[in-house]
Visitor: 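Structure in structure tokens, see below.
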Amino acid sequence: MKNKVLVCLIALFSASLCFAQEKAVKSAKRYYSQQKWSDAVSAIDEAVQNPETVNSLEAWMLRGKIYLSVANNPLLARDYPDAAALSKESFERALRIDPSDKNLIMLRQNIRDLAGVFYDKGASLYEQADYGKAVEAFETSLAVSQLESEYDTSAAFNVALCAFNAGMYDKAIDYSRIVIASTMASPNIYAIQAESYFQNGKGEQAVAAMEEAVSRFPEDKTVYTSASSVYLRMGLNEKAGEVLNVALEKWGDDASFQLFMGIAYENDKQYEKAEAAYKKALEINPEYMDAIFDLGAFYVNKGIRLNDEANALPLEETAKYDQVKAQANEAFNQALPYLQQVIEKQPQNLKVMMTLRDVYVQLGKAEEAKVLREKIEELQGAE
């Protein structure tokens, strides 16, 4: 008789425990419907921490929805900074308890909303230039979207972009491959991949990436810009010229292609063609600062070459020396207006200021060189 009473008491105690925890879930559900978020969080956390309801599908699904609502509310999210992560944990637990299609369908929209929370967080961090944390947020958005067997390629693109900006080049390459293999491939993702290869010291792979990009997007102007930039930095001047010639056939009025062509010609020591290309770029866009500087630098380099030529002459060839030195000074004088124009527009450009100072020295303009040197020292002291 005693044993029977004991069994009844145990059963009654167990039933009361289950009832208490079911009551906690019901309370959380009521608070959730009333948008009493603090009470809802406390109630549902109590329910899922209790051994009696730790495997309750209803409890974990509700917990995920409660924390998702909190994460979606900017004011509440400040008090619960881990809300999105806890929502993710809850939906993952619910899908482990019941991985059926029926359960997945019930959670699908919640999962998509949660992926959006992490996506928006990544976008915000990107705008703040916090690229490392943005990578984490976008990767988490991807992981959440995959709970419903979906893959958000736009999030993958953003991971690649943020990883590149964070100097995480291996990760940028990995994710760029995923995007490139998809229907969402774009010229930009090839540029990210090529630049990541380049920064990793893998120049040949960078070239191959841009070759594929040009082949895949032959009508996209940005592809030719990125490809020619990579080729020029790799010293592939002839290859750059080939791509630029195609680009100029399509967009002959684009000053940047003329500028790149000038660089390719100058690198290949085709100086007359280089000068003509730089001038053509400025003819198209007289305010193009890169072209203004590069033409000025072209004349500076010409003057340096002529100076070196003069200094290499035998001592007895004084007439020839004077002639070549005069040509060098003429080149330096040609550089002056272009370098001065850049300084007028960019008065704190130390690189150009130092170049102009050296030109003044070459031309014997001591006073101008002194004034510029003092400005340079002032700017350097302010850094």
Visitor: Between Y169 and F164, does the ring centroid distance fall short of 6.0 Å?
Guide: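 Yes: the rings meet the under 6.0 Å criterion.
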Visitor: Without swapping roles, check the side chain of N311 against the backbone of N307 for a donor-acceptor pair under 3.5 Å.
Guide: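 Yes; judged by distance alone, with no hydrogens or angles, the pair exists.
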Visitor: Would the distance check show the side chain of S141 and the main-chain N or O of A115 forming a donor-acceptor pair, the cut-off being under 3.5 Å?
Guide: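 Flag set: sc S141 to bb A115 pair under 3.5 Å.
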Visitor: Between the main-chain N or O of Q270 and the side-chain N or O of D268, is there a donor-acceptor pair closer than 3.5 Å?
Guide: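 Not at all, since once roles are kept as given, no pair shorter than 3.5 Å links the two residues.
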Visitor: Working to the nearest 0.5 angstrom, can you tell me the gap between Q109 CD and K65 NZ?
Guide: 11.5 Å
Visitor: Would you say the side-chain atoms of S256 and D254 include a donor-acceptor pair closer than 3.5 Å?
Guide: yes
Visitor: Has K351 got more than 12 heavy atoms of other residues, nucleotides or ligands less than 6.0 Å from its NZ?
Guide: no
Visitor: Rounded to the nearest 0.5 Å, what separates atom OG in S226 from atom CD in Q193?
Guide: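 Taking OG in S226 and CD in Q193, the distance rounds to 12.0 Å.
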Visitor: Quick one: are the ring centres of F118 and F138 less than 6.0 Å apart?
Guide: no
Visitor: Quick check: does any side chain N or O of S90 sit under 3.5 Å from a backbone N or O of L86, one acting as donor and the other as acceptor?
Guide: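 At least one qualifying donor-acceptor pair exists.
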Visitor: May I have the list of side-chain donor-acceptor pairs in residues 34-43 shorter than 3.5 Å, sequence neighbours left out?
Guide:
residue: W37; atom: NE1; partner: Q35; partner atom: O; Å: 3.4
residue: S42; atom: OG; partner: S38; partner atom: O; Å: 3.1

Visitor: So do the side chains of V48 and V54 get within less than 4.5 Å of each other, counting heavy atoms only?
Guide: no
Visitor: Quick one: list whatever passes side chain to side chain contact (heavy atoms under 4.5 Å, CB included) with L95, sequence neighbours left out.
Guide: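 With neighbours one apart ignored, the set is N103, L104, L107, I111, L147.
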Visitor: Do I44 and Y32 have side-chain heavy atoms sitting under 4.5 Å apart?
Guide: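 Heavy-atom side-chain distance check fails, nothing below 4.5 Å.
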Visitor: Pairs under 3.5 angstrom only: tabulate donor-acceptor contacts from the side chains of residues 201-216 to other protein residues two or more places apart or in another chain.
Guide:
residue: E211; atom: OE2; partner: K239; partner atom: NZ; Å: 2.7
residue: E212; atom: OE2; partner: Y190; partner atom: OH; Å: 2.6
residue: R216; atom: NH1; partner: I180; partner atom: O; Å: 2.9
residue: R216; atom: NH1; partner: Y190; partner atom: OH; Å: 3.0
residue: R216; atom: NH2; partner: S182; partner atom: O; Å: 3.4

Visitor: Would a distance-only check, ignoring hydrogens and angles, find a side-chain to backbone donor-acceptor pair under 3.5 Å from S229 to T225?
Guide: no
Visitor: Once the angle between the rings of F298 and Y271 is folded into 0 to 90°, is it parallel (under 30°), tilted (30 to 60°) or perpendicular (over 60°)?
Guide: tilted
Visitor: Going by atom types only, do E195 and Q199 share a side-chain donor-acceptor pair under 3.5 Å?
Guide: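 Yes, because at least one side-chain N or O of E195 sits under 3.5 Å from a partner of the opposite role on Q199.
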Visitor: Could you tell me whether the side chains of Y67 and D45 share a donor-acceptor contact shorter than 3.5 Å?
Guide: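 A pair is found: one side chain offers a donor N or O, the other an acceptor, under 3.5 Å apart.
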Visitor: Run E242 and Y231 through side-chain hydrogen bond (donor to acceptor under 3.5 Å, both in side chains) and show every step you take.
Guide: CA-CA 10 Å; E242 291 172 0; Y231 299 159; over 6 Å; no
Visitor: Just checking, any donor-acceptor pair under 3.5 angstrom between side chains of N50 and E52?
Guide: no
Visitor: Quick one about Y265 and E275 (side-chain donor to acceptor, distance below 3.5 Å, no hydrogens or angles considered), yes or no?
Guide: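 No - no donor-acceptor pair under 3.5 Å links their side chains.
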Visitor: Hydrophobic clusters here meaning ILVMFWY residues chained together by side-chain heavy-atom distances under 4.5 Å, can you tell me if L259 and Y224 are in one?
Guide: yes
